2 protein chains.
Amino acid sequence: MSSRPSLSKGEMEVARVLWEIGAAGVREVFETLSNTSDMDYTTVQTYLRRLETKGYASSKLKGRLRIYTAKGRPGTVIRETVNDLVDRLFGGQSLPLVRHLIEDRGMSPKEIHELKVLLDQYEDDDSCDD
Amino acid sequence: MSSRPSLSKGEMEVARVLWEIGAAGVREVFETLSNTSDMDYTTVQTYLRRLETKGYASSKLKGRLRIYTAKGRPGTVIRETVNDLVDRLFGGQSLPLVRHLIEDRGMSPKEIHELKVLLDQYEDDDSCDD
DNA sequence: TCTTGAGACGTACAAATGTACGTGAGCCTA
DNA sequence: TAGGCTCACGTACATTTGTACGTCTCAAGA
């Protein structure tokens with residue numbers, strides 16, 4: 001199915017902003033990014049262009065301003081990216097990653113609780129598969 | 001401190017195998033990889049070389065065979081990579097990633113159980129920190 | 001009307017990445 | 001000891017990524 005080329009780090013950074021602020025022109029994305037990054041304006045522009053080429057955004061002119069819109073859900077990209085990471089770094093197993101996240105990055109008691117609830121829930125309506 | 005260049009996707013795949021099987025020659029890494037990947041033998045070789053250049057592995061000749069050994073713990077690379085991902089994709093929060101992993105990728109009952117045990121344990125001796 | 005600033009767009013280019021060929025040396029076997 | 005196999009290793013090369021310069025156009029103010 002949707003087998004668009006995956007996003008590079010820089011592209012992802014720009015894409016995230018697009019998801020965050022919705023449809024936006026280069027300037028807006030650039031401004032938003034400049035809090036955390038010091039990418040050049042034209043660099044952002046290039047990324048936006050490439051995002052469109054790769055199928056992660058679409059754009060149209062509004063007057064003489066080109067407005068970019070993220071295409072598809074962030075969830076899709078997240079899934080693809082995480083899957084990729086899990087495959088490459090953990091040989092396809094998610095548990096080690098989860099374990100790493102919990103052990104290494106830590107979680108608040110509240111989060112732990114939340115997670116447990118999730119697991120209970122999941123355990124219930126999970127029945128067969130694998 | 002250890003500011004070695006980060007690993008590319010392909011390099012990471014090879015690095016993982018090195019961590020997994022320990023010191024190994026190109027052939028072994030290649031064989032191991034061929035279960036999941038169809039990288040060329042010489043491609044693996046190149047990655048191994050680059051891994052060494054970047055400081056993620058060391059090697060020495062054993063007879064006429066070059067044996068590579070991972071340098072440093074996988075944990076370090078994993079941490080860097082995962083942190084990066086979490087920052088970029090989830091604004092620094094791990095829970096959403098964990099949730100994603102569980103919900104989207106699924107887990108076997110056994111894994112769920114394992115995870116719960118881990119959480120219990122973690123809940124207990126978790127006391128301070130953050 | 002002339003100037004200027006904002007922005008689009010084409011283009012460039014070095015570095016990193018993915019991929020692999022070819023050559024030459026050591027080793028095993030007929 | 002000649003042939004073939006296995007490796008190491010140098011090298012190559014297309015693609016992707018990171019980064020940004022110039023140029024052209026439009027629109028608004030002087």
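In what follows, chains are A, B, ... by sequence order, proteins preceding strands, each numbered from 1. Given the structure is predicted, the values throughout are model-derived calculations rather than measurements.
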> Of A:Val98, A:Ile102, A:Ile112, which meets side-chain contact (heavy atoms from CB on, under 4.5 Å) against B:Leu118?
Replying inline: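 Testing each of A:Val98, A:Ile102, A:Ile112 against B:Leu118, the sole residue satisfying side-chain contact (heavy atoms from CB on, under 4.5 Å) is A:Ile102.
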Contact class for [X] (heavy atom, under 4.0 Å): base, sugar-phosphate, or nothing?
X       : result
A:Ser8  : sugar-phosphate
A:Arg27 : sugar-phosphate
B:Arg66 : sugar-phosphate
B:Arg49 : base

> Which nucleotide span of DNA chain C, 5' end to 3' end, has atoms closer than 4.0 Å to non-hydrogen atoms of chain B?
Replying inline: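 First and last nucleotides in contact are C:dT17 to C:dC27.
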>> Please determine whether a side-chain nitrogen or oxygen atom of A:Arg50 lies at a distance below 4.0 Å from atom OP1 or OP2 of D:dT17.
In response: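 No, no such contact exists.
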> For D:dT17, does OP1 or OP2 lie under 4.0 Å from any side-chain N or O of A:Lys54?
Replying inline: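 For A:Lys54, the contact criterion (side-chain N or O under 4.0 Å from OP1 or OP2 of D:dT17) is met.
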>> Can you tell me whether the side chain of B:Gln45 and the base of D:dC7 have a donor-acceptor pair closer than 3.5 Å?
In response: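 Per atom types, no contact qualifies.
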Between side-chain atoms of residues 46-57 of chain A and protein atoms elsewhere (two or more places apart, or another chain), which donor-acceptor pairs fall under 3.5 Å?
| unit_1 | atom_1 | unit_2 | atom_2 | d |
| --- | --- | --- | --- | --- |
| A:Thr46 | OG1 | A:Thr42 | O | 2.9 |
| A:Glu52 | OE1 | A:Ser59 | OG | 3.0 |
| A:Glu52 | OE2 | A:Ser59 | N | 3.1 |
| A:Glu52 | OE2 | A:Ser59 | OG | 3.1 |
| A:Thr53 | OG1 | A:Arg49 | O | 3.0 |
| A:Lys54 | NZ | A:Ser6 | O | 2.9 |
| A:Lys54 | NZ | A:Glu11 | OE1 | 2.8 |
| A:Lys54 | NZ | A:Glu11 | OE2 | 3.3 |
| A:Tyr56 | OH | A:Pro5 | O | 2.7 |

> D:dC7 C1' sits how many Å from B:Phe30 CZ, rounded?
Replying inline: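 Between C1' of D:dC7 and CZ of B:Phe30: 13 Å.
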> Quick one: on DNA chain D, does B:Ile67 or A:Thr43 contact a more 5' nucleotide (nearest heavy atom)?
Replying inline: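 On the 5' side of the pair lies B:Ile67.
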